[in-house]
Each structure stands twice: as structure tokens, then as C-alpha cells.
Amino acid sequence: MIVDPAHRGHGLGRAVVAGALADIESLGLKRVLLRASDQGRRIYERAGFTPVPEPDSWLQLRASTPATSSA
């Protein structure tokens, strides 16, 4: 995601990230990985993403409780 510099600082990036995470919440994923630029890292880290050991440009969000399967 890229927010035009003229529109940064108004919560647009945070709103998009929150909306995307809300959309995938029902999927029961154990982990979400994404690659973030140095500029974008703060938005994702504020949403709960943490760095993964390698490579250092990737971030992850781990579920707070294990996902269950009905299979």
C-alpha cells in the first residue's frame, strides 16, 4: 500500500490495514506475513506485526489463540 505524500498523516494507511485485518480475521489464519518498506513498517507494527528473523524486511502477525479446524 502506498499513501500519496500529500495525504499522509491522516490515518488512511492505518484505516486500510485495519480493514484488511478485519476482512481476514474470520479465516482463522495462524500467521500473516508481509513485506514492508522502512517507511511503512510503523503502520504495520502499530497493528501488531513484529519482525521475523530472516529476512529483516518481512513482518508477521501471529494469532493470539491457535486456530482450530473442523476437519
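We count residues from 1, following the sequence as given.
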Problem - Nearest-0.5 Å distance, CG of residue L61 to OG1 of residue T50 - result: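 It is 7.5 Å, given to the nearest 0.5 Å.
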Handout entry: Spacing of L29 atom CG and R62 atom CZ [to the nearest 0.5 Å]
Key =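 That separation rounds to 12.5 Å.
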Can you see which heavy atom on [X] is nearest to which on [Y], and at what distance?
X	Y	result
Q60	P51	NE2-O, 4.0 Å
D23	S26	O-OG, 4.1 Å
L59	V52	C-CG1, 4.3 Å

Report, one line per pair, each donor and acceptor closer than 3.5 Å where one atom sits in a side chain of residues 42-49; sequence neighbours left out.
none

Problem - Of all pairs that satisfy ring-ring contact (aromatic ring centres under 6.0 Å, His included), the ones with a partner from residues 13-35, not counting sequence neighbours - result: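 Those involving residues 13-35 do not exist here.
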Handout entry: Pairs where residues 12-36 contributes a residue and the test ring-ring contact (aromatic ring centres under 6.0 Å, His included) is met, not counting sequence neighbours
Key =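 Counting only pairs at least two positions apart or across chains, no ring-ring contact (aromatic ring centres under 6.0 Å, His included) contact touches residues 12-36.
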Problem - Flag if over 12 foreign heavy atoms under 6.0 Å of CG, D4 - result: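 It does: D4 CG has more than 12 such atoms within range.
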N/O donor-acceptor pairs under 3.5 Å from side chains in residues 7-18, not counting sequence neighbours:
from: R8; atom 1: NE; to: V3; atom 2: O; distance (Å): 2.7
from: R8; atom 1: NH2; to: V3; atom 2: O; distance (Å): 3.0

